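These numbers come from a predicted model, not from an experiment. Ligands are counted one by one from 1 in listed order, and the atoms in each one are counted from 1 as well.
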Amino acid sequence: MPLIIDCDPGIDDAVALLLAMASPQLDILGITTVAGNVSIDTTSNNARSICELGQRPDLKIFPGCPRPMVRKPIVAAHVHGENGLGGVSFPQPQMPLQPLHGVDFLRDSLLQVSAPITLATLGPLTNVATALIQAPEIAQKLERIVMMGGAVGAGNVTGAAEFNFYTDPHAAQVVLQTAAEYEVPVVVIPLDVTHRAIATPARRQALRNLSSGNRNNPAETVATMLDNYGLREQREMGFAGPPLHDPCVIAYLLQPALFETESVSATIEITSQLTQGRLVIDRNGELDLPGQIELATNIDADGFYGLLTEALGQLG
Ligand code: BDR
Ligand code: CA
């Protein structure tokens with residue numbers, strides 16, 4: 001499956017990248033980075049560290065947009081740590097960043113390809129929206145977009161909004177609108193589902209068991225990063241560990257049967273100060289929205305952790 005991953009690593013982005021690297025059925029054509037959990041310099045640097053951890057320094061990383069389209073930048077260093085990777089330190093990465101801007105890579109590579117490409121988005125949608133504004137016809141080259149974003153129930157930044165959509169709601173709306181216009185299938189995996197993908201102590205121990213005590217082993221590194229992740233959600237929501245949001249996107253690509261979905265009309269609220277970034281779902285067609293999405297509604301969490309653990313074992 002030819003794949004581009006747009007991301008803002010970020011602890012759960014890092015786990016998603018490792019899951020993708022461990023999965024030979026995914027042909028990762030490029031990784032674009034965006035400002036989100038931390039600054040663009042840090043997300044790009046983290047993508048390099050994670051590719052090296054996964055022993056894939058051959059992958060191409062294209063740094064993208066440093067700030068959202070309209071609203072003021074926000075970051076989530078309080079969630080992911082100042083370095084974006086839970087305070088776990090990595091050697092200074094050696095692999096280069098590509099000189100091409102992430103938006104240019106998205107636009108040019110999609111303009112050039114003949115076979116359609118799958119796009120996985122794990123962060124704010126600034127890069128993807130900007131590429132679609134520059135050259136909307138690239139949407140015709142998208143097999144589908146699978147994204148982590150939104151909440152049907154409560155958000156995690158405001159009561160209404162989830163981080164990726166809250167951070168750049170205008171970009172999210174551009175992506176959903178353009179996808180609708182060009183009939184690109186969009187799968188949205190919201191918080192309601194990722195909050196069921198909890199890395200419990202037993203699941204983290206299963207990762208540690210893969211490492212034979214080697215602290216540089218990817219599975220061990222993941223377990224250590226997860227020790228420092230999602231602490232606020234655990235406290236406030238009574239979770240037994242951090243939720244692994246972004247790896248759900250890669251798991252969906254690998255084993256869609258792990259998820260239940262429903263087709264709904266959807267858009268993003270961009271005007272209200274109170275609910276900006278809200279994923280608006282219209283099940284009964286009352287709002288006459290143009291965008292139809294496949295919304296994930298449930299996950300087989302044991303199956304998901306089985307897949308993740310087996311895959312990370314391949315990287316050791
Ligand atoms: C999303 O926000 C980020 O903090 C995570 O990486 C994930 O993409 C969850 O709301
Ligand atoms: Ca992310």
**Asked** Val79 near ligand 1, heavy-atom distance under 4.0 Å?
**Response** no
**Prompt:** Taking the hydrophobic residues Ile, Leu, Val, Met, Phe, Trp and Tyr, and joining any pair whose side-chain heavy atoms are under 4.5 Å apart, which ones share a cluster with Leu274?
**Reply:**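 Leu274 shares its hydrophobic cluster with no other residue.
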**Asked** Around the Ca ion (ligand 2), how many protein N, O or S atoms are closer than 3.0 Å?
**Response**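 Total protein N/O/S atoms under 3.0 Å from the Ca ion (ligand 2): 5.
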Using the rule that two of Ile, Leu, Val, Met, Phe, Trp, Tyr join whenever any of their side-chain heavy atoms come within less than 4.5 Å, decide whether [X] and [Y] are in one cluster.
X      : Y      : result
Val187 : Met1   : yes
Tyr229 : Ile250 : yes
Val15  : Ile299 : yes

Nearest protein heavy atom to [atom], by residue and atom, and its distance?
atom                    : answer
atom 3 (C) of ligand 1  : Asn37 OD1, 3.1 Å
atom 10 (O) of ligand 1 : Glu162 OE2, 2.5 Å
atom 8 (O) of ligand 1  : Asp246 OD1, 2.7 Å

**Request:** Report the part of Ile11 (side chain from C-beta onward, or backbone N, CA, C, O) that has a heavy atom under 4.0 Å from ligand 1; answer both or neither where that applies.
**Result:** neither
**Request:** For ligand 1, indicate whether the residue Leu122 contacts it via side chain, backbone, both or neither (heavy-atom separation under 4.0 Å).
**Result:**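 For Leu122, the contact with ligand 1 is made by the backbone alone.
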Does any N or O of ligand 1 fall below 3.5 Å from an N or O anywhere on [X], backbone included?
X      : result
His80  : yes
Asn164 : yes
Asp8   : no

Using a 4.0 Å cutoff against the non-hydrogen atoms of [X], which atoms of ligand 1 qualify?
X      : value
Phe163 : 2 (O), 3 (C), 4 (O), 10 (O)
Asp12  : 5 (C), 6 (O), 7 (C), 8 (O)
Asn156 : 9 (C), 10 (O)
Met148 : 1 (C), 7 (C), 8 (O), 9 (C)

**Asked** For residues Gln276 and Arg71, is any side-chain donor paired with an opposing acceptor at under 3.5 Å?
**Response** yes
**Prompt:** Would a distance-only check, ignoring hydrogens and angles, find a side-chain to backbone donor-acceptor pair under 3.5 Å from Ser265 to Gly285?
**Reply:** no
**Message:** When you measure from the side chain of Glu143 to the backbone of Thr118, do you find a donor-acceptor pair of N or O atoms at a distance under 3.5 Å?
**Reply:**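 Side chain of Glu143 to backbone of Thr118: no pair is present.
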**Asked** Between Asp227 and Arg208, is there a side-chain N and carboxylate O pair less than 4.0 Å apart?
**Response**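 Yes, Asp227 and Arg208 are salt-bridged.
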**Message:** Quick check for you: to the nearest 0.5 Å, what is the distance between Arg67 atom CZ and Ser39 atom OG?
**Reply:**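 Answer rounded to 0.5 Å: 13.5 Å.
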**Request:** Measure the spacing between OG1 of Thr275 and CD of Glu269 and express it to the nearest 0.5 Å.
**Result:** 4.0 Å
**Reference residue Pro243; test side chain to side chain contact (heavy atoms under 4.5 Å, CB included); the match among Val193, Asp12, Ile198** = Ile198
**Prompt:** Strictly under 6.0 Å, is that where the ring centroids of His101 and Phe62 end up?
**Reply:**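 Judged by ring-centre distance (under 6.0 Å), His101 and Phe62 do not meet the cut-off.
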